[in-house]
Peer 1: 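Dropping the structure in here first, questions after.
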Amino acid sequence: MGYDFKEIENKWQAYWADQQTFKVSNDSEKPKFYILDMFPYPSGAGLHVGHPLGYIASDIYARFKRHKGFNVLHPQGYDSFGLPAEQYAIQTGQHPAKTTQDNISRYRTQLDQMGFSFDWSREVRTSSPDFYKWTQWIFLLLFDHYYCKDTDKALSITSLINRFEKEGNININAVSDVKTESFSGDEWLAFDELQKQEILLGYRLTYLSDTEVNWCADLGTVLANDEIINGVSERGGYPVTKKKMKQWSMRISAYSERLLSGLERIDWPESLKEMQRNWIGKSIGAKVFFEIEGSDKKIEVFTTRPDTIFGVTFMTLAPELDLVQEIVKPNQEEAVNSYIKETQQRTQRERMADVKNITGVFTGAYAQHPLTGDSIPIWIGDYVLADYGTGAVMAVPCGDQRDYDFAKHFDIPITNIFKDVSIAEDAYTDKVNTIIDHSDFLNGLSYKDAMVRVIDVLEEKGAGAGTINYKLRDAVFSRQRYWGEPIPIYYKNGMPQPLTLEDLPLNLPDVENYLPTPEGAPPLGNAVNWAWNEKERKVEANTAIDHRTIFPLELNTMPGWAGSSWYFYRYMDAQNPDVFVGNEAKNYWQDVDLYLGGSEHATGHLLYSRFWQKFLFDLDLLPVEEYAKKLINQGMILGTSAFIYRKPGTQTYVSKDLLGPEDTYEPIRVDVNLVNASDELDVEGLKKWQPQFAVAEFEFSLGVLKVGREVEKMSKSKYNVVNPDEICEQYGADTLRMYEMFLGPLEQAKPWNTAGMSGVHNFLRKFWRLFYKEDTFLVTDSVPDKKELKILHETIKKVTEDIESFSFNTCVSSFMICVNELTSLDCHSVEVLKPLTILLSPFAPHISEELWQKLGHTKSIVEVPFPEFNESFLVEEAKNYPVSFNGKMRFTLSLSLTLDKEAIQKAVLDDLRTQEYLEGKAPKKWIIVPNKIINIVF
RNA sequence: GCCUUGGUGGCGGAAUUGGUAGACGCGCUGGAUUCAAAAUCCAGUUCUUUCGGGAGUGUGGGUUCGAUUCCCACCCAAGGUACCA
């Protein structure tokens with residue numbers, strides 16, 4: 001018979017489902033442990049082999065923790081709002097809810113097939129009204145709070161209004177973008193309702209503002225940078241321009257400092273924390289005001305090097321700044337406008353990536369140096385970004401490389417303000433060794449002293465102040481899409497009005513057409529029933545809008561990151577209809593002990609969710625300020641895309657190996673499932689795959705068409721997705737699970753490669769044969785001998801360490817070695833196989849019932865205690881060895897115990913390096929015997 | 001460009017604190033078994049060699065008795081770069 005994985009896996013999966021083995025309660029004597037996976041977006045391509053990598057690892061760890069006696073919460077759900085479902089709806093007219101449901105069903109089948117120990121009774125879906133009701137509620141909370149810098153937390157807008165009424169805004173220290181002058185309490189009371197609301201909007205943690213977006217007029221929609229290629233839309237190739245639009249934003253910047261300092265307290269990968277730190281981008285410096293000559297306007301700049309202020313020889317503004325239009329001199333207007341037009345066609349990423357081409361235009365205007373009074377020419381240049389700092393820089397070419405290059409390119413004078421330093425070739429950017437020169441009162445000072453001094457002087461003159469700047473920008477929260485959470489807001493006299501919790505959920509309306517309206521309004525503009533009856537608190541038809549009781553509802557929806565910013569709390573109490581998470585549940589589970597997911601979320605989801613967490617913590621709605629104690633990034637499993645090469649202007653495709661080095665044939669992606677292991681393309685399959693290939697011509701090499709290969713992210717649009725289904729079918733889930741762990745280190749990205757699958761499968765068959773010969777059950781009650789126990793305990797120790805350090809790949813290897821050794825011993829003892837089976841159970845939990853009976857466990861796998869490694873066993877053994885310098889002895893486990901003691905002693909003493917050490921010639925800390933038996937540490 | 005990660009045989013990778021580089025698996029070669037095949041088992045497998053040895057962890061330097069490991073510079077690949085998820 002052999003290892004019949006299908007029978008075994010089906011049987012146990014049915015058993016788990018039937019017994020609800022993995023259902024977990026919110027109330028237990030055991031210590032809690034919450035293991036969270038980043039939930040998948042259910043895409044139309046199905047689950048690919050990359051998804052399970054993290055799930056398998058977390059599942060092993062969850063099972064391990066259960067064996068160790070923890071009450072483990074290990075849930076799963078779906079991040080089910082998103083663009084792909086909407087685009088599919090646009091193409092086919094099918095409702096995204098339908099395709100999403102279909103995809104989820106498929107995902108669930110695939111996940112079950114792989115034998116995960118999720119508690120499905122806690123499943124969440126971000127697109128379900130029961131769930132997004134609470135996402136909308138959190139939006140309303142954000143709308144109803146502002147950030148108070150004095151208490152350093154979010155406070156209610158009501159408390160802000162109370163203070164306005166008493167004392168105006170003079171003493172308010174809050175994060176806001178209010179431009180109004182200060183007002184007194186009486187003045188506040190005199191404002192009309194509209195004015196009040198406008199002011200309050202400038203304080204709310206979610207607020208409306210004009211934001212620059214990529215606008216594609218032909219598609220009538222806003223595009224992500226991702227969807228733009230060479231300045232035109234990816235879909236259709238239409239031109240894209242920058243446009244300002246009223247958008248909801250989240251005041252995440254209010255939390256910059258706390259998001260930064262919170263990183264100190266969590267056990268996340270250092271690299272990821274570093275990414276977040278850089279993204280938040282705290283820099284200490286000063287703001288400086290420059291008067292514009294012949295204008296009452298000022299230019300505010302932020303600089304990290306106020307000490308170099310005497311080196312300023314020009315200023316540069318970001319081209320998209322409104323100020324540019326106000327100051328530009330008539331004779332430069334044409335040049336400036338055509339330059340602005342040019343930069344509007346480039347994405348920000350292109351602008352940042354392109355440092356070789358220095359571009360810019362003189363505005364004709366001059367600013368006045370705040371300390372010397374000199375005239376300083378004002379330029380615009382696209383190396384200055386509008387949304388960092390103030391969108392304007394004071395250019396100090398001697399101390400900043402980009403300013404230097406700009407000055408050289410446009411022949412702007414460069415003043416050297418550094419003592420004994422040449423700037424003939426490059427700017428001098430070193431801070432530490434700087435001595436300031438040619439700088440009036442700063443002469444002779446170091447960078448540090450000059451900073452302090454110059455800020456003092458600027459503050460005295462009212463021309464600037466010391467300040468801290470963060471690169472982190474407020475997060476745009478509006479999407480002109482259909483398939484997202486509706487924003488629970490309606491508009492009265494043009495001002496946004498919030499719904500209340502009782503009004504929620506505000507259900508997503510049905511629409512005929514998922515595209516923007518002909519007027520360019522978001523798809524919700526197509527909805528017939530999309531107006532708010534203020535009196536009756538319900539949705540009405542648009543035709544009923546009368547602007548007294550029935551008002552238009554918000555047409556934008558929320559972005560993908562809204563639901564994913566808090567879903568992990570919903571798992572704790574997924575069915576609760578009254579609150580987003582019940583007190584009992586959140587007090588018991590508190591937070592996530594281990595979070596597993598990809599590092600591609602480092603500056604997206606993982607930052608936004610920390611922001612919401614801190615906000616909800618401020619409101620006493622959540623028990624902790626950081627929701628995930630420990631985070632591990634599983635590396636992405638990359639796809640190996642396949643390319644064929646088209647001769648320019650023809651329909652002829654050429655085999656890869658016929659390409660000359662100079663040929664610039666156009667590479668075109670083809671489905672990897674059409675390519676075999678030798679990179680040969682199934683041409684007949686290709687012709688059927690997409691219609692344009694049916695008529696194509698091919699140039700073969702020795703009768704085959706070779707494809708080119710490239711490793712990149714696995715995605716449907718790159719046709720490089722590999723599904724796990726076939727692998728489960730052919731080899732079984734355990735093989736897939738073990739193989740994914742064996743593939744390489746968990747945290748490292750690696751390309752998918754099916755080649756080694758058979759090795760792992762053979763191992764599982766070998767493991768099965770430890771218990772069975774043909775169909776005869778071999779396991780006996782005989783007492784294990786010392787050798788067997790040694791193998792067992794070494795393996796337990798190694799495997800425990802490997803699992804705890806998430807080195808699953810070496811863990812699998814250890815198992816393989818162990819089983820190989822046991823095979824050679826012809827070992828059949830229950831005492832040895834029992835713990836081994838439990839150890840292996842994360843990978844192969846589906847051993848036959850007969851064995852489980854023999855092992856004395858018939859009820860539930862999860863209750864089997866994990867055997868503790870008996871350390872004294874090895875320690876006792878170690879004492880027998882006479883080789884001990886006055887240092888610590890460390891064993892290389894698998895070898896040391898099997899070798900002859902005298903031989904070891906002799907080998908150590910005979911070793912040349914030992915001799916050198918004893919004679920004092922080798923002063924170093926390490927000595928090792930030649931055959932790697934013992935390391936002796938001094 | 002910037003931020004982050006990685007680069008070791010034909011391939012995936014191992015080397016836990018600076019100490020025999022290549023564990024384990026795939027692939028390949030030879031053998032046993034078989035009418036034959038599959039499966040299984042055994043042996044070999046970094047390259048090179050005049051069989052003494054020599055070279056070798058992306059490239060070039062450095063520190064060290066000793067470097068895959070630490071330091072500096074560079075090259076290449078992947079992820080992110082704010083509306084993909």
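In what follows, every chain begins at residue 1, and chains take the letters A, B, ... in the order their sequences are listed.
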Peer 1: Syn or anti: how is rG52(B) classified when any glycosidic angle within 90° of 0 counts as syn?
Peer 2: syn

Peer 1: Roughly, in whole Å, what's the span from CG in L746(A) to P in rG13(B)?
Peer 2: 13 Å

Peer 1: Would you call the rings of F477(A) and W612(A) parallel, tilted or perpendicular, where under 30° means parallel and over 60° means perpendicular?
Peer 2: tilted

Peer 1: Can you check the L606(A) CG to rU4(B) C1' distance for me, whole Å?
Peer 2: 14 Å

Peer 1: Scan side-chain atoms only and decide if E712(A) and S641(A) contain a donor-acceptor pair under the 3.5 Å cut-off.
Peer 2: yes

Peer 1: Considering only the P atoms, how many Å lie between rA14(B) and rC84(B), rounded to the nearest integer?
Peer 2: 33 Å

Peer 1: Sorted by first residue and then second, give each salt bridge (charged side-chain N to carboxylate O under 4.0 Å, His left out) pair with at least one member in residues 473-482 of chain A; sequence neighbours left out.
Peer 2: E227(A)-R481(A), D387(A)-R473(A)

Peer 1: Pairing check on rG12(B): which nucleotide meets the Watson-Crick or G-U wobble criteria with it, both distances under 3.5 Å?
Peer 2: rC24(B)

Peer 1: Scan side-chain atoms only and decide if W248(A) and E554(A) contain a donor-acceptor pair under the 3.5 Å cut-off.
Peer 2: yes

Peer 1: So F406(A) and Y383(A), would you call those rings parallel, tilted or perpendicular, with 30° and 60° as cut-offs?
Peer 2: tilted

Peer 1: Take atom P in rG61(B) and the same atom in rG10(B), then report the distance between them in whole Å.
Peer 2: 23 Å

Peer 1: For Y41(A), check side chain to side chain contact (heavy atoms under 4.5 Å, CB included) against everything at least two apart and list the hits.
Peer 2: S43(A), P84(A), A85(A)

Peer 1: Does a side-chain heavy-atom distance below 4.5 Å link M757(A) with Q730(A)?
Peer 2: no

Peer 1: For nucleotides rA67(B) and rG60(B), find the distance between their C1' atoms and express it as a whole number of Å.
Peer 2: 16 Å

Peer 1: Nearest-Å distance, CG (D802(A)) to C1' (rA23(B))?
Peer 2: 12 Å

Peer 1: Measuring only between side-chain heavy atoms, which start at C-beta, is Q76(A) closer than 4.5 Å to P40(A)?
Peer 2: yes

Peer 1: Can you tell me the distance, in whole Å, between the CG atom of L53(A) and the P atom of rG13(B)?
Peer 2: 12 Å

Peer 1: Could you pick out which residue, K750(A) or N278(A), lies toward the 5' side of RNA chain B when each is mapped onto its nearest nucleotide?
Peer 2: N278(A)

Peer 1: Once you apply a heavy-atom cut-off of 4.0 Å, does D387(A) come out as touching a base, just sugar-phosphate, or nothing?
Peer 2: nothing

Peer 1: Residues two or more places apart in sequence or in another chain: which of them pass side chain to side chain contact (heavy atoms under 4.5 Å, CB included) with Y514(A)?
Peer 2: A89(A), I90(A), H95(A), P96(A), Y482(A), V511(A)

Peer 1: Considering only the C1' atoms, how many Å lie between rC2(B) and rC24(B), rounded to the nearest integer?
Peer 2: 40 Å

Peer 1: Please list, chain by chain and in numerical order, all residues satisfying side chain to side chain contact (heavy atoms under 4.5 Å, CB included) with E212(A), sequence neighbours excluded.
Peer 2: K242(A), K244(A), E320(A)

Peer 1: Between rC42(B) and rG58(B), how far apart are the C1' atoms? Round to whole Å, please.
Peer 2: 38 Å

Peer 1: Round to a whole Å and report the spacing from NZ of K798(A) to P of rC24(B).
Peer 2: 13 Å

Peer 1: Which base sits across from rU81(B) as a Watson-Crick or G-U pair, both distances under 3.5 Å?
Peer 2: rG1(B)

Peer 1: Compare all side-chain heavy atoms of R125(A) with those of F39(A) and state whether any distance is below 4.5 angstrom.
Peer 2: no

Peer 1: Hey, does P751(A) reach any base, or is it just sugar-phosphate, or nothing, if we go heavy atoms under 4.0 Å?
Peer 2: nothing

Peer 1: Could you let me know what rU40(B) is paired to, Watson-Crick or G-U wobble, both distances under 3.5 Å, or none if it's on its own?
Peer 2: rA32(B)

Peer 1: Could you tell me how far rU46(B) sits from rG31(B) if I compare only their C1' atoms? Round to whole Å.
Peer 2: 24 Å

Peer 1: Tell me: CD of E821(A) to C1' of rC24(B), nearest whole Å?
Peer 2: 12 Å

Peer 1: Please state the C1' separation for the pair rA37(B) and rG44(B) - nearest whole angstrom.
Peer 2: 24 Å

Peer 1: Just to confirm, is there a sub-4.0 Å distance from OP1 or OP2 of rC41(B) to any side-chain nitrogen or oxygen of R769(A)?
Peer 2: yes

Peer 1: Does rG19(B) pair with anything, Watson-Crick or G-U wobble, both distances under 3.5 Å, and if so, with which nucleotide?
Peer 2: rC65(B)

Peer 1: Can you build the contact string for nucleotides 27-33 of chain B? Use B for base contact, S for sugar-phosphate-only contact, and - for no protein heavy atom under 4.0 Å.
Peer 2: S------

Peer 1: Between C1' on rG6(B) and CG on L272(A), what's the gap in Å once rounded to a whole number?
Peer 2: 16 Å

Peer 1: Check whether any side-chain nitrogen or oxygen of N633(A) sits under 4.0 Å from OP1 or OP2 of rU5(B), and answer yes or no.
Peer 2: no

Peer 1: Find the distance I280(A):CD1 to rC3(B):C1' and express it as a whole number of Å.
Peer 2: 13 Å

Peer 1: Does the side chain of Y470(A) come within less than 4.5 Å of I252(A)'s, by heavy atoms?
Peer 2: no

Peer 1: So, is rG58(B) syn or anti if syn means the angle is within 90° of 0?
Peer 2: anti

Peer 1: Can you check whether N753(A) has a side-chain N or O nearer than 4.0 Å to OP1 or OP2 of rG13(B)?
Peer 2: no

Peer 1: Between rG79(B) and rU29(B), how many Å separate the two C1' atoms, rounded to a whole number?
Peer 2: 40 Å

Peer 1: Report yes if a side-chain nitrogen or oxygen of N762(A) is closer than 4.0 Å to either non-bridging phosphate oxygen (OP1 or OP2) of rU40(B); otherwise report no.
Peer 2: yes

Peer 1: Would you classify R765(A) as touching base, sugar-phosphate or nothing, given that sugar-phosphate means primed atoms plus P, OP1 and OP2, and contacts are heavy atoms under 4.0 Å?
Peer 2: sugar-phosphate

Peer 1: Quick one: look up who rG60(B) pairs with, Watson-Crick or G-U, both distances under 3.5 Å, and put none if it's unpaired.
Peer 2: rC72(B)

Peer 1: Here's a test of your reading of the structure: between Y739(A) and K766(A), which maps to the more 5' nucleotide of RNA chain B?
Peer 2: Y739(A)

Peer 1: Between protein and nucleotides 75-85 of chain B, map the contacts as a letter string: B base, S sugar-phosphate only, - none, heavy atoms under 4.0 Å, written 5' to 3'.
Peer 2: ---SBSBBBBB

